[in-house]
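Index from 1, following the sequence. These numbers were taken from a predicted model, which means no experiment stands behind them. We count ligands from 1, going down the list as the structure has it; atoms in each ligand are counted the same way.
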Amino acid sequence: MKSFHDKVAAITGAGSGMGRELAIELAARGCHLALSDVNEAGLAQTVSLVGDRVRVTHARVDVAVREQVYAWADAVVRDHGKVNLIFNNAGVGLGASIEGMRYEDFEWLMNINFWGVVYGTKAFLPHLKRAEEGHIINTSSVFGLIGVPSQSAYNAAKFAVRGFTEALRMELEMEGCKVSATSVHPGGIKTNIARAARLDPSVGQLGIDHRNATVRFEKNFITTANRAARIILRAVEKNQRRVLVGPDAYVVDWMVRLMPSLYQRLVVQFSRRTMAA
Ligand SMILES: NC(=O)c1ccc[n+]([C@@H]2O[C@H](COP(=O)([O-])OP(=O)(O)OC[C@H]3O[C@@H](n4cnc5c(N)ncnc54)[C@H](O)[C@@H]3O)[C@@H](O)[C@H]2O)c1
């Protein structure tokens with residue numbers, strides 16, 4: 001997609017972080033917006049920030065609820081006449097040991113971070129095919145490239161999003177249709193994700209002090225959400241299969257390429273050193 005001007009973009013999780021910045025950047029490029037989130041206050045703030053240069057609709061949509069996502073996709077096309085882009089961006093965090101993690105928390109995360117992406121892709125795909133150009137942008141993570149202790153549920157969801165999106169991109173190419181797909185792999189981005197995350201005391205088993213884990217985790221957030229949004233939009237313009245967001249994402253990518261399994265030793269050493277500090 002060479003230009004976003006006069007296109008229509010739907011964004012999940014638009015009430016904060018990268019979803020909000022994607023909305024702001026797309027509006028600046030003349031793209032009409034259909035924004036959704038479960039956080040209605042955050043969503044209202046995003047709407048006020050994008051201005052009135054483009055047509056903006058917004059809705060409370062829980063991406064974990066299939067019917068809501070499908071109803072929203074239909075409403076977007078009804079309200080805007082078409083939809084060209086779906087950013088399956090909404091996501092949550094969870095820190096827990098595998099042994100101590102509650103199934104309730106694991107399922108909560110999978111329903112949002114994995115199933116939310118599947119619902120968004122399948123609900124919007126027929127509408128995107130009817131538009132002159134379409135693109136599906138699914139947010140994975142660097143944790144979709146490497147496994148990390150305490151992040152098993154997040155890893156499972158983000159590895160799954162990556163595999164799902166890579167298969168999707170190839171299927172779209174084989175069909176020869178005008179819809180494409182990009183898998184997004186951000187490193188540490190300065191957003192609310194860590195503060196909104198669930199943290200299980202079982203991380204204590206791994207030597208992680210759950211009282212200050214959020215603050216420690218946020219020290220790894222080095223890229224602004226606005227910079228991340230610009231990088232993601234550039235990748236859509238260039239029709240990239242995947243996009244690494246932030247310098248740390250490149251480091252992780254190279255680490256996995258050079259040491260596909262040995263990287264785990266480095267992660268364990270790094271994690272232990274961080275705990276000791
Ligand atoms: N921040 C990072 O370091 C980082 C790194 C890699 C990947 N990511 C991913 O980027 C995406 C955006 O996260 P962010 O960092 O901007 O975080 P954020 O917390 O600032 O924004 C996430 C948004 O998703 C919304 N949301 C949560 N549950 C939802 C649900 N069930 N239905 C609809 N919306 C829901 C939240 O209300 C919030 O507005 C997520 O998928 C996240 O996993 C973030």
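Residue contact annotation: Lys158 has a non-hydrogen atom under 4.0 Å from ligand 1. For Ala225, the closest heavy-atom approach to ligand 1 does not fall below 4.0 Å. Using a 4.0 Å heavy-atom cutoff, Gly187 is listed among the residues neighbouring ligand 1. Distances from ligand 1 to the non-hydrogen atoms of Ala196 include no value under 4.0 Å.
No more than 12 heavy atoms of other residues, nucleotides or ligands shown are found within 6.0 angstrom of CG on Asp52.
Counting only heavy atoms of the protein, atom 20 (O) of ligand 1 lies nearest to Ser16 OG, 2.6 Å.
For the pair Val50/His58, no side-chain contact is recorded, criterion being any heavy-atom separation below 4.5 Å from C-beta on.
Under 4.0 angstrom from ligand 1, the non-hydrogen atoms of Tyr154 all belong to its side chain. At a 4.0 Å heavy-atom cut-off, ligand 1 touches Ile112 through the side chain alone. Of the heavy atoms in Val61, only backbone atoms (N, CA, C, O) come closer than 4.0 Å to ligand 1.
With Thr12 contributing its side chain and Ala90 its backbone, the two residues share a donor-acceptor pair below 3.5 Å.
When Thr12, Val63, Leu22, Thr191 are ranked by how near their heavy atoms come to atom 32 (N) of ligand 1, first place goes to Val63.
No N or O atom of Asn113 sits closer than 3.5 Å to an N or O atom of ligand 1. Considering backbone and side-chain atoms alike, Ile189 places an N or O below 3.5 Å from some N or O of ligand 1.
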Between side-chain atoms of residues 65-76 and protein atoms elsewhere (two or more places apart, or another chain), which donor-acceptor pairs fall under 3.5 Å?
from	atom 1	to	atom 2	distance (Å)
Gln68	OE1	Asp62	N	2.7
Asp74	OD1	His127	NE2	3.1

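Residue Ser141 is tested with Lys158, Gln151, Arg162 for a side-chain contact (heavy atoms from CB on, under 4.5 Å); the sole match is Lys158.
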